[in-house]
Amino acid sequence: MPIEYQDVVRTGVARQVADKIRAAILDGRLQIDERLPTEEDLAKSFGISRPTVREALKRLAAQNLIRSQRGPTGGTFVSRPDPEGLSSAITGAATLLVGVGAFDIDEIIGARLETEAICSRLACERRSDADLAAMRTEIALQRGPALSDEDFCASDVRFHRAVVQAAGNGPLSLMMYTVVEAFMPITNMIVSQVRERRTVADFHDRIAAALEARDAATATAVLSELLTYLRDSYATALKRRDEREAKRG
């Protein structure tokens, strides 16, 4: 098997072994559906213990790069990298960075505007009736008065996810997964008490209408209005929070 077994130092051995196997998968030395050697064989090849090999394999399984199969023909096999699974790991890190204030709201809004504008332009060319139906479903849901704040925020994410899907570009979808799944929930949580749901739903309705008409200029203009509204709502929410804290003090 074309894996480099040499030069494994003793610090963080499991991580290093996982990195070596991962590199072999990603550069094609290990093919999709190829069976890996047994834990015992890997341990002998790397000169490490079986528990350390097992830990390395767990790391790879968590990244959806390998899978286990039982039975006479079972074993550990190379999996086709799952874009959603890989991007989930990126999203977790991005969510943490947003949560600790590594990015300010202007950076987040700027990133969303530039990337979602690309998606909107492509969606105008490639959107299907099913894509539009998915957006309309979320807009109708958002107009329901009984919808909880949490469910409204989830619907908001699904609407923008549908726009990304309508763009029909795999690498872009992978990039946008972080923007939609990490940035949006954090900002939504902060602005949920100050933004008007009807206003957000109206913005979404105008974006969907522009995509249906294949009007890229209008779609990106409305997106810009929506994100400006979100930034203003964010500022209002922080101001109210500071005022409440000042009263307590």
Non-hydrogen atoms of [X] and [Y] that approach each other most closely:
| X | Y | result |
| --- | --- | --- |
| E196 | Y229 | N-OH, 2.7 Å |
| L223 | S120 | CD2-OG, 4.2 Å |
| C124 | A210 | SG-O, 4.1 Å |
| R143 | A201 | NH2-O, 3.6 Å |
| C153 | R195 | SG-NH2, 3.5 Å |
| R29 | A23 | NH2-C, 3.7 Å |

Looking at [Y], is its backbone amide N or carbonyl O close enough to the side chain of [X] to form a donor-acceptor pair, meaning the two atoms are under 3.5 Å apart?
| X | Y | value |
| --- | --- | --- |
| T218 | D215 | no |
| E34 | Q31 | yes |
| R127 | E212 | yes |
| S224 | T220 | no |
| R35 | G74 | yes |
| Q193 | I190 | no |

Can you measure from [atom1] ([X]) to [atom2] ([Y]) and round to the nearest 0.5 angstrom?
| X | Y | atom1 | atom2 | answer |
| --- | --- | --- | --- | --- |
| S173 | R161 | OG | CZ | 11.5 Å |
| N188 | S155 | CG | OG | 10.5 Å |
| D202 | L226 | CG | CG | 11.0 Å |
| L172 | I118 | CG | CD1 | 6.5 Å |
| I108 | L113 | CD1 | CG | 13.5 Å |
| R67 | L36 | CZ | CG | 10.0 Å |

Under a 4.5 Å side-chain heavy-atom rule over Ile, Leu, Val, Met, Phe, Trp and Tyr, are [X] and [Y] clustered together?
| X | Y | value |
| --- | --- | --- |
| L211 | M176 | no |
| F46 | V78 | yes |
| F183 | V157 | yes |
| F152 | M135 | yes |
| M189 | Y234 | no |

Show your working on side chain to side chain donor-acceptor pair (under 3.5 Å) between Q142 and H204 and close with a plain yes or no.
-> CA-CA 10 Å; Q142 291 161 17; H204 289 167; 2.8 Å; yes
Between [X] and [Y] (salt bridge meaning N to carboxylate O under 4.0 Å), is one present in this structure?
| X | Y | answer |
| --- | --- | --- |
| E39 | R54 | yes |
| R126 | D131 | no |
| E40 | K44 | yes |

Between [Y] and [X], is there a side-chain heavy-atom distance shorter than 4.5 Å?
| X | Y | value |
| --- | --- | --- |
| Q16 | D19 | no |
| R112 | L230 | yes |
| E116 | V163 | no |
| L122 | E125 | yes |
| R197 | D149 | yes |
| I66 | L57 | yes |
| F77 | Q69 | yes |
| T187 | R231 | no |

Please lay out, stage by stage, how E55 and R15 fare under the test salt bridge (charged side-chain N to carboxylate O under 4.0 Å, His left out).
-> CA-CA 8 Å; E55 181 183 344; R15 179 183 60 78; over 6 Å; no
Are L65 and S79 close enough, and set up right, to give a side chain to side chain contact (heavy atoms under 4.5 Å, CB included), and what steps lead you there?
-> CA-CA 5 Å; L65 291 175; S79 294; 5.9 Å; no
Derivation of the side chain to side chain contact (heavy atoms under 4.5 Å, CB included) call for E225 and R206 | CA-CA 11 Å; E225 289 182 47; R206 292 169 59 196; 3.1 Å; yes
Take L42 and T38 through the test side chain to side chain contact (heavy atoms under 4.5 Å, CB included) and record every step on the way to the result.
-> CA-CA 6 Å; L42 285 172; T38 64; over 6 Å; no
Any chance the side chains of T236 and S233 put a donor and an acceptor closer than 3.5 Å?
-> no
So does [X] have more than 12 non-hydrogen atoms from other groups sitting under 6.0 Å from [atom1]?
| X | atom1 | result |
| --- | --- | --- |
| D129 | CG | no |
| E107 | CD | yes |
| R50 | CZ | yes |

Residues R158, L141; criterion side chain to side chain contact (heavy atoms under 4.5 Å, CB included); working and verdict = CA-CA 11 Å; R158 289 194 299 269; L141 187 63; 3.3 Å; yes
